Protein chains: 2
Amino acid sequence: MAEAKSNKVNMKTLAKVLNVSIATISKALRDSHDIGEETKQRVIETAKLLHYVPNPYASSLRKRSSNTIAIIIPEIADSFFSQAINGIESIVGQEKYHALIYLTHDSYEREAQMFNDLSSGRVDGVLMSVASNTKDIKHIQELQQAGVPIVFFDRVCEDIPTAKIKTDDFNSAYMATKHLLERGCKNISLVTIEGYPFILQAREGGYKKALAEYQIKHQEQNVISCSNKYNQENIAFLKEHIAKIKPDGIIATVEHLATTTYLACEELKMNIPNDVKVVCFTNQITAAILNPPLTTVLQPAYDMGRKAAELLFGHLAGKPIQLEKENITLPSKLVVRDSTRATD
Amino acid sequence: MAEAKSNKVNMKTLAKVLNVSIATISKALRDSHDIGEETKQRVIETAKLLHYVPNPYASSLRKRSSNTIAIIIPEIADSFFSQAINGIESIVGQEKYHALIYLTHDSYEREAQMFNDLSSGRVDGVLMSVASNTKDIKHIQELQQAGVPIVFFDRVCEDIPTAKIKTDDFNSAYMATKHLLERGCKNISLVTIEGYPFILQAREGGYKKALAEYQIKHQEQNVISCSNKYNQENIAFLKEHIAKIKPDGIIATVEHLATTTYLACEELKMNIPNDVKVVCFTNQITAAILNPPLTTVLQPAYDMGRKAAELLFGHLAGKPIQLEKENITLPSKLVVRDSTRATD
DNA sequence: TTTATTTGCTTAAACGTTTACTTAAACTGT
DNA sequence: ACAGTTTAAGTAAACGTTTAAGCAAATAAA
């Protein structure tokens, strides 16, 4: 058990032990044709015996590639993103890559800062959901022009020509709204958050389309934009809106708005679904045990993350994938529960 | 705008442009005493102008340190871990470090594999929660002996002499149990998951202590061990237990067991809190809007992550921190809601 | 004035790999 | 037997930093 001293064992060590050159070690470990079968075996054996693990930084420096990707997302305490990471990780691990994680907290400045750092060659590729207040996309363009492939998921940047994995925001909002209309709602509010022009535009579009189909005139005041964090002020803000507009249906477009909406309704003594019916975009398993159980738009978070990673790694592996041609939409699912139960 | 060609600009480029040596560039950028003030400014200016970003791999190779840490956790789709990552990230970002994320999925084999990789010098330190089925800790010992500092949070490994950030599992389980006893429960089940001897031992200990104080004899059959994933089989398994034991109180020790427990009770037509009162260890904000609102043991996830990161970075920065002496316990909080409302 | 010291910079080696190029020996076919 | 090819190695440069050591000129101390 004493064969492996804590002194770093590197190729030089192995070369010395085996009395061959460093090049032989390197080639043997990468299974090069240059090296004889017997030598290869000897190298592999002693490498294992001495617990040799290659230095990734030397390798990355020389090869100009790092076997590392970056995951850049706005936040992590959200079931959509954590499930998406699970999907990403399922590929990253399998491909023996490493994943750096960066949280922008929806700040453009941090995002730009991160991209600046990444232009160093730190990563071979990027998987990202853009920050809500990113308007200027120069940082993304520059990284892409520097040759780092980028794949967007969920919160994509339409103006960058690369792969985008989205869910059908327009359609799922349309379905959700139609569902409320079918259940008799006539005055539906759309509760969104600041930022995310594309996604929110799509959801608002689907919402409006459904209204139009039911000959309901859309009112600007029925669309309310909260701040993107769960707190007391948000609840108060929403309460005010509900008290004023008295909607009979609410579509909450992000996860934490479910709690905000339920608490606001409770404080206003408005019963769900009798006084107001609620649908929320969320992936939380607790939706089923809420009071009442919440009708949700369930997004394919895991699959989106996985698909995004598959495209990126396919590209990195040199497969003939034209990232800019990949524009994939995975369907969300409306899961109907009691928060939109028919009442009358 | 044409000053920065996409050709990688490195120290050599800067040296050529400014007609000084590479060493001067390096030292100027690191604000060395060796370099004159005027030269420093010129270097910094042109570096900015040409969008120079240092190559992290060259730097890491030479300095034998990577400005990177590893976060190793069992899973990520769990509010405790995602909040803990938020806490960690708050320090990582501020210290200009980078964080690699690894998910063990509670598998010892993957964990050991990851540690093996990390012995390459890939990271300067590790923040981790150990996998549930990790019994053999040789991989952890070896990395530590190789000089990589490790800080545990939540799911610690008691046999490794290093910093451990825990929450008071014993006491919070004790409080939760006592709370149920005060509310009149006489037959309390503890629902746990497989693995995690230390944490579960502590929680079971607290549970037993409370029972003892109330002169209730502990029954082995009241402790049930589910599998650590949310699915239908788990619900069925728990239903069976509840049907057999007919507990009037349940303590669910991990987040996803809340949903499992609620659904099991619902299927058995057992009313919470009338027929059975429920407490769960969870950090989800939806606890407040469940049916009924769930009494929770709220763990200081963010603070635990943050504290763990603080210790690690303090150590890395050379502060006089003796990691092996740090054994910190942050209190959890019992948040009482309707799932344990007094009835009778 | 002479000797130390400081200032500001350069030289060159090192970190641990990978790889283009070279080389010597062994095999091939004629 | 000999030119040509294949096989199995080795040599050395390169990746982009950091840093110990050196050195000339300027400054300070005696």
Side-chain angles (χ1 to χ4, degrees), chain A residues 7-44 46-47 50-68 117-124 146-147, chain B residues 7-44 46-47 50-68 96 98 117-124 146-147:
Chain A
N7 285 321
K8 300 262 147 75
V9 26
N10 52 26
M11 289 190 169
K12 204 165 159 187
T13 321
L14 296 183
K16 209 161 278 172
V17 169
L18 289 171
N19 207 35
V20 294
S21 74
I22 291 179
T24 302
I25 302 292
S26 177
K27 290 177 185 168
L29 292 175
R30 332 192 86 238
D31 201 23
S32 155
H33 277 311
D34 271 11
I35 306 299
E37 207 44 55
E38 193 216 8
T39 317
K40 270 185 197 168
Q41 288 313 317
R42 286 202 308 142
V43 171
I44 291 168
T46 43
L50 301 186
H51 293 114
Y52 168 70
V53 183
N55 182 310
Y57 297 127
S59 179
S60 294
L61 176 60
R62 176 60 226 243
K63 292 200 298 179
R64 299 157 150 283
S65 84
S66 61
N67 269 237
T68 303
D117 177 276
L118 293 185
S119 72
S120 63
R122 192 184 289 278
V123 298
D124 297 344
Chain B
N7 284 320
K8 300 262 147 79
V9 28
N10 53 27
M11 290 192 169
K12 204 166 159 185
T13 321
L14 296 184
K16 210 160 278 172
V17 169
L18 290 171
N19 207 36
V20 295
S21 74
I22 292 179
T24 302
I25 303 292
S26 176
K27 288 178 183 167
L29 291 174
R30 329 192 88 238
D31 202 23
S32 155
H33 277 310
D34 270 11
I35 307 298
E37 206 46 54
E38 193 215 8
T39 318
K40 268 185 198 168
Q41 289 313 317
R42 287 201 306 141
V43 171
I44 290 169
T46 43
L50 302 185
H51 293 115
Y52 168 70
V53 184
N55 182 311
Y57 297 128
S59 179
S60 294
L61 175 60
R62 176 58 227 242
K63 292 201 300 180
R64 297 157 151 286
S65 83
S66 61
N67 268 237
T68 304
K96 306 210 165 172
H98 298 259
D117 177 275
L118 293 185
S119 72
S120 63
R122 191 183 290 279
V123 297
D124 297 343

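All values derive from a computational prediction rather than experimental measurement. All values below come from the heavy atoms of this structure, side chains included, with hydrogens, waters and symmetry mates left out. Chain A is the first sequence line, chain B the second, and so forth, proteins listed ahead of strands; every chain is numbered from 1.
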Handout entry: Working for side-chain contact (heavy atoms from CB on, under 4.5 Å), residues B:Leu61 and A:Asn55
Key = CA-CA 8 Å; B:Leu61 175 60; A:Asn55 182 310; 4.2 Å; yes

Practice task
Could you walk me through whether B:Asp31 and B:Lys40 pass the side-chain contact (heavy atoms from CB on, under 4.5 Å) test, one step at a time?
Solution key: CA-CA 7 Å; B:Asp31 202 23; B:Lys40 268 185 198 168; 2.8 Å; yes

Exercise for the section: Report the C-alpha distance between B:Tyr52 and B:Ile25 in whole Å, list the side-chain angles of each, state the deciding distance to 0.1 Å, and finish with yes or no for side-chain contact (heavy atoms from CB on, under 4.5 Å). Expected result: CA-CA 11 Å; B:Tyr52 168 70; B:Ile25 303 292; 5.7 Å; no

Problem - side-chain contact (heavy atoms from CB on, under 4.5 Å) between A:Tyr57 and B:Arg62, worked out - result: CA-CA 9 Å; A:Tyr57 297 127; B:Arg62 176 58 227 242; over 6 Å; no

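For the pair B:Leu61 CG and D:dT19 C1', the computed distance is 14 Å after rounding to whole Å. If you take CG of B:Asn67 and C1' of D:dT18, they are 14 Å apart, rounded to a whole angstrom. Atom-to-atom, CG of A:Asn19 to C1' of D:dG10 comes out at 12 Å; the value is rounded to the nearest Å.
Across every non-hydrogen atom of B:Asp124 and B:Asn67, the tightest pair is OD2-N, 2.8 Å. Heavy atoms only, all atoms of each residue included: B:Thr39 and B:Ile35 are closest at CB-CG2, 3.7 Å.
Residue contacts for B:Ser59: at a heavy-atom cut-off of 4.0 Å it reaches the sugar-phosphate backbone alone, with no base atom in range. When heavy atoms are screened at a 4.0 angstrom cut-off, B:Ser60 is found touching no nucleic acid atom at all. Among the protein residues, B:Pro56 comes within range of no part of the nucleic acid, since none of its heavy atoms lies under 4.0 Å from any strand.
Of the possible donor and acceptor atoms, none in the side chain of B:Ser66 sits under 3.5 Å from a partner among the backbone N and O of B:Ser60.
The 5' end of DNA chain C is approached more closely, in terms of each residue's nearest nucleotide, by B:Glu37 than by the other of B:Lys63 and B:Glu37.
Residues of residues 23-35 of chain A having a heavy atom closer than 4.0 Å to DNA chain C, listed by number: A:Ala23, A:Ser26, A:Lys27, A:Arg30.
In summary, contact between chain B and DNA chain C, defined as any nucleotide atom under 4.0 Å from a heavy atom of the protein, begins and ends at C:dG8 to C:dG16 in the 5' to 3' direction.
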